[in-house]
Amino acid sequence: MRCIADTAPHLTAEPFPVPEYTIRGFRSRDIPAIAEIVAEALNEHYDPSLYPSLSQQWPEGFLVLADATDRPAGFLLGVSQVAGEARVLMFAVDRRHRSHGVGSRLMDAFLERSRLRGLHRVTLEVRVSNATAIRFYTRYQFSVVDLLRGYYSDGENGYQMAREVA
Ligand SMILES: CC(C)(COP(=O)(O)OP(=O)(O)OC[C@H]1O[C@@H](n2cnc3c(N)ncnc32)[C@H](O)[C@@H]1OP(=O)(O)O)[C@@H](O)C(=O)NCCC(=O)NCCS
């Protein structure tokens with residue numbers, strides 16, 4: 001599974017009422033909204049059964065930030081397949097909800113869940129062209145640990161980034 005990053009330019013926040021958000025675990029009824037976010041933000045179309053199947057191994061690692069109507073505004077799907085490590089497999093926020101702190105709340109919660117699980121490191125992959133996400137991750141003290149040549153299906157290189165969990 002690759003974390004396919006959006007290469008679209010970062011949108012500046014437009015006047016937008018800041019809604020109330022609730023952070024919670026993934027539910028199967030979230031699949032249509034998450035699939036929409038994935039299609040727009042990551043340009044990927046996965047079989048709907050992928051989401052519940054990926055959530056099974058570590059349900060607490062699949063976080064959803066829902067708006068006031070309980071619709072997902074963003075999500076972070078993390079897995080823990082290597083001993084002691086978490087990996088961010090998919091992370092995206094609905095375009096209309098970006099730059100309102102949704103991504104930060106998801107990342108804060110994910111790092112806390114990782115810490116509570118006793119994991120010591122978090123890794124992720126990002127397109128080298130995805131300056132917005134790289135800036136976000138750098139703000140979260142992730143640093144580049146590897147260049148993944150031709151990592152993405154269109155041939156673009158990726159960075160593997162990682163940080164320790166305090
Ligand atoms: C990367 C991504 C998940 C970040 O989500 P987000 O909800 O926009 O994240 P935040 O709002 O928490 O932070 C974004 C920026 O807005 C700023 N911000 C957050 N709340 C703010 C507020 N109330 N007022 C002003 N700025 C704010 C943050 O400081 C941050 O600054 P940065 O650009 O230096 O990182 C989002 O851009 C996205 O979905 N991108 C497309 C998919 C993608 O690339 N995913 C990663 C694949 S590896």
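Counting starts at 1 for both ligands and their atoms, in listed order.
- A donor-acceptor pair under 3.5 Å is formed between the side chain of Ser80 and the backbone N or O of Glu85.
- Each of the atoms 48 (S) of ligand 1 lies under 4.0 Å from some heavy atom of Glu125.
- Some N or O of Gly103 is nearer than 3.5 Å to an N or O of ligand 1, by distance alone.
- If you look at Phe75 next to ligand 1, there are no close heavy atoms at all, none under 4.0 Å.
- By the 30° and 60° cut-offs, the orientation of the rings of Phe75 relative to Phe62 is tilted.
- When only interatomic distances are considered, the shortest N/O to N/O separation between Val126 and ligand 1 does not fall below 3.5 Å.
- Between Asn130 and ligand 1, an N or O atom pair is found at a separation short of 3.5 Å.
- Ligand 1 places these atoms under 4.0 Å from at least one heavy atom of His100: 11 (O), 20 (N).
- For ligand 1, the polar-atom distance check finds an N/O of Phe91 within less than 3.5 Å of one of the ligand's N/O atoms.
- A salt bridge is absent between Arg113 and Asp108; no separation between the charged side-chain nitrogens and carboxylate oxygens falls under 4.0 Å.
- Contact analysis puts Ala92 in contact with ligand 1, with a non-hydrogen atom separation below 4.0 angstrom.
- Residue pairs that meet the side-chain hydrogen bond (donor to acceptor under 3.5 Å, both in side chains) test with at least one member in residues 68-79, sequence neighbours left out, are Arg24-Asp70, Arg27-Asp70, Arg29-Asp70, Glu36-Arg71, Asp67-Thr69.
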Output side-chain donor-acceptor pairs under 3.5 Å for residues 157-166, partner residues at least two apart or in another chain, one line each.
| residue | atom | partner | partner atom | Å |
| --- | --- | --- | --- | --- |
| Asn157 | OD1 | Gly150 | N | 2.8 |
| Arg163 | NH1 | Tyr140 | O | 3.0 |

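- Side-chain polar atoms of His100 and Tyr21 form no donor-acceptor pair below 3.5 angstrom.
- Polar contact with ligand 1: present for Ser104 (N/O pair, distance under 3.5 Å).
- Summarising the contacts of atom 23 (N) of ligand 1 with Ala41, Ala73, Ser99, Gly158, the nearest heavy atom is found in Ser99.
- Phe136 carries Arg139 over the face of its six-membered ring, with the cationic atom under 6.0 Å from the centre and within 45° of the normal.
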Take Phe26 and Trp58 through the test ring pair (Phe, Tyr, Trp, His ring centres under 6.0 Å) and record every step on the way to the result. CA-CA 11 Å; Phe26 164 77; Trp58 182 22; over 10 Å; no

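- Using a non-hydrogen distance threshold of 4.0 Å, Arg127 does not register as a contact of ligand 1.
- Residue Arg139 touches ligand 1 through its side chain alone, judged by heavy-atom distances below 4.0 Å.
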